[in-house]
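By convention here, the first residue in the shown sequence is residue 1.
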Amino acid sequence: MSPASSHALKHPPVTAPSEPAGAPSDFPELGVAIDRARRRGRGAQSNASGRFEAEARVAFDDGWQSLDELPPFKTTVAVDTSRKVITRNDSPDIGFDRSINPYRGCEHGCVYCFARPTHAYLGLSPGLDFESKLFAKPDAPLLLEKELAAPGYEPRMIAIGTNTDPYQPIERERKIMRGILEVLEGAGHPVGIVTKSALVLRDIDILQRMAKRNLAKVAISVTSLDPKLARTMEPRASTPPKRLEALKQLSEAGIPTTVMVAPVIPALNDSEIERILDAAAHAGVKEAAYVLLRLPLEVRDLFREWLMANYPDRYRHVFTLIRDMRGGRDYDAKWGERMKGTGPMAWTIGRRFEIACDRLGLNKRRSKLTTDHFARPKRNGDQLSLF
């Protein structure tokens with residue numbers, strides 16, 4: 001961006017009021033909003049600098065129509081040169097201790113994505129940069145094979161898709177996820193996948209073979225059955241009917257499937273909980289889970305912008321309910337509460353979910369993956385066995 005079309009600030013301009021407001025003038029972050037034509041097909045409204053940057057750049061019209069010269073945001077893909085691909089965690093409220101993310105950033109553009117703040121570590125914006133400046137890990141299959149072959153490696157389920165979607169649009173050409181599955185199948189290693197994309201059906205052949213040995217399961221997130229809301233909130237993810245059809249085909253192939261009603265957003269999509277579960281059950285799904293909307297760090301401001309731009313009449317109500325479920329705050333990251341929230345509204349959502357699952361026969365049995373088939377991949381130079 002030329003000096004004539006931007007100016008530098010010492011601190012990012014995004015600051016949120018302590019209480020919900022009702023007019024666009026109350027939103028300082030709208031000063032960094034990007035023109036609709038430039039961000040067409042994207043989820044975020046703005047592209048504020050990351051919180052670790054020394055300066056923040058804000059586009060403004062200097063009287064010479066300089067903003068008209070700026071091109072639309074196009075997806076670019078750079079190579080991630082990480083030397084390891086398995087990420088470890090010790091979070092006490094999630095069911096896995098290791099995961100793989102084939103990509104950084106996600107073109108699906110889900111405005112509520114809790115992974116957006118990770119782009120700030122790369123010197124990029126959690127806003128439009130997160131969904132347009134992507135990083136791929138083409139060496140992920142080779143790195144994975146090397147890590148699985150390490151003498152001290154102990155197998156446990158690897159989760160994929162817990163941060164960014166492994167089946168986002170660029171996977172269609174890159175096929176990194178398919179390479180990862182081929183390595184896991186060869187090693188007899190269990191994997192759990194979470195996605196919003198029907199592209200997962202491309203790998204149904206591998207997943208079906210792995211499922212026969214209790215090595216694979218797939219969860220698909222269905223946030224809404226309303227096509228307009230889904231497209232506005234998740235602009236480049238698969239449509240709700242395609243996600244349900246993917247669940248149906250995976251289930252028919254004998255692959256354990258889970259529907260994720262995630263995130264649940266009060267006064268926006270919480271009324272659809274029962275309908276989503278009913279549609280998934282009719283598609284053959286046997287398990288279900290839900291997660292309450294999470295608004296860590298920059299996600300809070302990005303979601304506020306999006307809400308004011310698309311559903312301004314609901315803004316005050318949505319944030320009042322969010323704070324009722326987060327101890328009076330926009331977000332509470334406390335272990336054990338961050339996924340479900342607290343208070344009467346959170347309890348009501350949880351109870352509605354449980355009653356619907358009981359009625360539909362969901363979660364009667366939980367699929368369990370096994371490590372019994374694990375065989376450490378052979379490393380170059382390993383001596384072959386005589387027997």
I'd like to know if [Y] and [X] are part of one continuous hydrophobic network [Ile/Leu/Val/Met/Phe/Trp/Tyr, side-chain heavy atoms within less than 4.5 Å].
{"X": "I204", "Y": "V218", "result": "yes"}
{"X": "L268", "Y": "I349", "result": "no"}
{"X": "I273", "Y": "L229", "result": "no"}

Indicate yes or no: does [X] engage [Y] in a salt bridge with an N to O separation below 4.0 Å.
{"X": "D332", "Y": "R326", "result": "no"}
{"X": "E234", "Y": "R243", "result": "yes"}
{"X": "D301", "Y": "R116", "result": "no"}

Student check: side-chain heavy atoms of [X] and [Y] closer than 4.5 Å:
{"X": "P138", "Y": "V79", "result": "yes"}
{"X": "D358", "Y": "K364", "result": "yes"}
{"X": "D205", "Y": "R209", "result": "yes"}
{"X": "K217", "Y": "T258", "result": "no"}
{"X": "M325", "Y": "T342", "result": "no"}

**OP:** Go through Y331 and R300 one step at a time and tell me if the side chain to side chain contact (heavy atoms under 4.5 Å, CB included) criterion holds.
**Re:** CA-CA 8 Å; Y331 181 57; R300 185 268 311 271; over 6 Å; no
Original post:
Of the options E305, R39, R304, which is the one that meets Q45 in a side chain to side chain donor-acceptor pair (under 3.5 Å)?
Top reply: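 Of the listed options, the one satisfying the test is R39.
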Enter the distance from [X]:[atom1] to [Y]:[atom2] here, rounded to the nearest 0.5 Å.
{"X": "R359", "Y": "D278", "atom1": "CZ", "atom2": "CG", "answer": "5.5 Å"}
{"X": "H108", "Y": "K196", "atom1": "NE2", "atom2": "NZ", "answer": "8.0 Å"}
{"X": "I176", "Y": "Y103", "atom1": "CD1", "atom2": "OH", "answer": "4.0 Å"}
{"X": "D139", "Y": "K84", "atom1": "CG", "atom2": "NZ", "answer": "15.5 Å"}
{"X": "R338", "Y": "D93", "atom1": "CZ", "atom2": "CG", "answer": "4.0 Å"}
{"X": "L277", "Y": "N363", "atom1": "CG", "atom2": "CG", "answer": "9.0 Å"}

Give the minimum heavy-atom separation between [X] and [Y], together with the two atoms involved.
{"X": "T371", "Y": "P190", "value": "CG2-CG, 3.9 Å"}
{"X": "P235", "Y": "C110", "value": "CD-N, 4.4 Å"}
{"X": "I255", "Y": "A216", "value": "CG2-O, 4.5 Å"}
{"X": "G105", "Y": "L134", "value": "C-CD2, 3.6 Å"}
{"X": "A267", "Y": "D270", "value": "N-OD1, 2.8 Å"}
{"X": "T257", "Y": "G284", "value": "OG1-O, 4.4 Å"}

Subject >> Set of salt bridge (charged side-chain N to carboxylate O under 4.0 Å, His left out) partners for E145, sequence neighbours left out >> reply: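 E145 satisfies salt bridge (charged side-chain N to carboxylate O under 4.0 Å, His left out) with no other residue.
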**OP:** Identify, with sequence neighbours excluded, every residue that meets salt bridge (charged side-chain N to carboxylate O under 4.0 Å, His left out) alongside D97.
**Re:**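 For D97, the residues satisfying salt bridge (charged side-chain N to carboxylate O under 4.0 Å, His left out) (neighbours in sequence not counted) are R156.
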**OP:** Establish, yes or no, whether the cationic atom of R51 lies under 6.0 Å from the six-membered ring centre of Y121 and within 45° of the ring axis.
**Re:**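 Judged by the rule (NZ or CZ under 6.0 Å from the ring centre, within 45° of its axis), R51 counts as positioned above Y121.
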**OP:** Just do the salt bridge (charged side-chain N to carboxylate O under 4.0 Å, His left out) check on E131 and R236 with the steps written out, would you?
**Re:** CA-CA 10 Å; E131 48 194 284; R236 300 197 179 193; over 6 Å; no
Please work out whether the ring planes of [X] and [Y] are parallel, tilted or perpendicular, with thresholds of 30° and 60°.
{"X": "F303", "Y": "W306", "result": "parallel"}
{"X": "F130", "Y": "H119", "result": "perpendicular"}
{"X": "Y153", "Y": "H189", "result": "tilted"}

**OP:** For D226 and S224, test the side chains for any donor-to-acceptor distance below 3.5 angstrom and give the result as yes or no.
**Re:**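 D226 vs S224: no donor-acceptor pair found between side chains.
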**OP:** Go through the steps for I180 and I158 under the test side chain to side chain contact (heavy atoms under 4.5 Å, CB included), then give the verdict.
**Re:** CA-CA 11 Å; I180 289 172; I158 289 178; over 6 Å; no
**OP:** Please report the C-alpha distance between E354 and R351 in whole Å, then the side-chain angles of each, then the deciding distance to 0.1 Å, and finally whether the salt bridge (charged side-chain N to carboxylate O under 4.0 Å, His left out) criterion is met.
**Re:** CA-CA 5 Å; E354 291 171 357; R351 188 63 185 138; 3.2 Å; yes
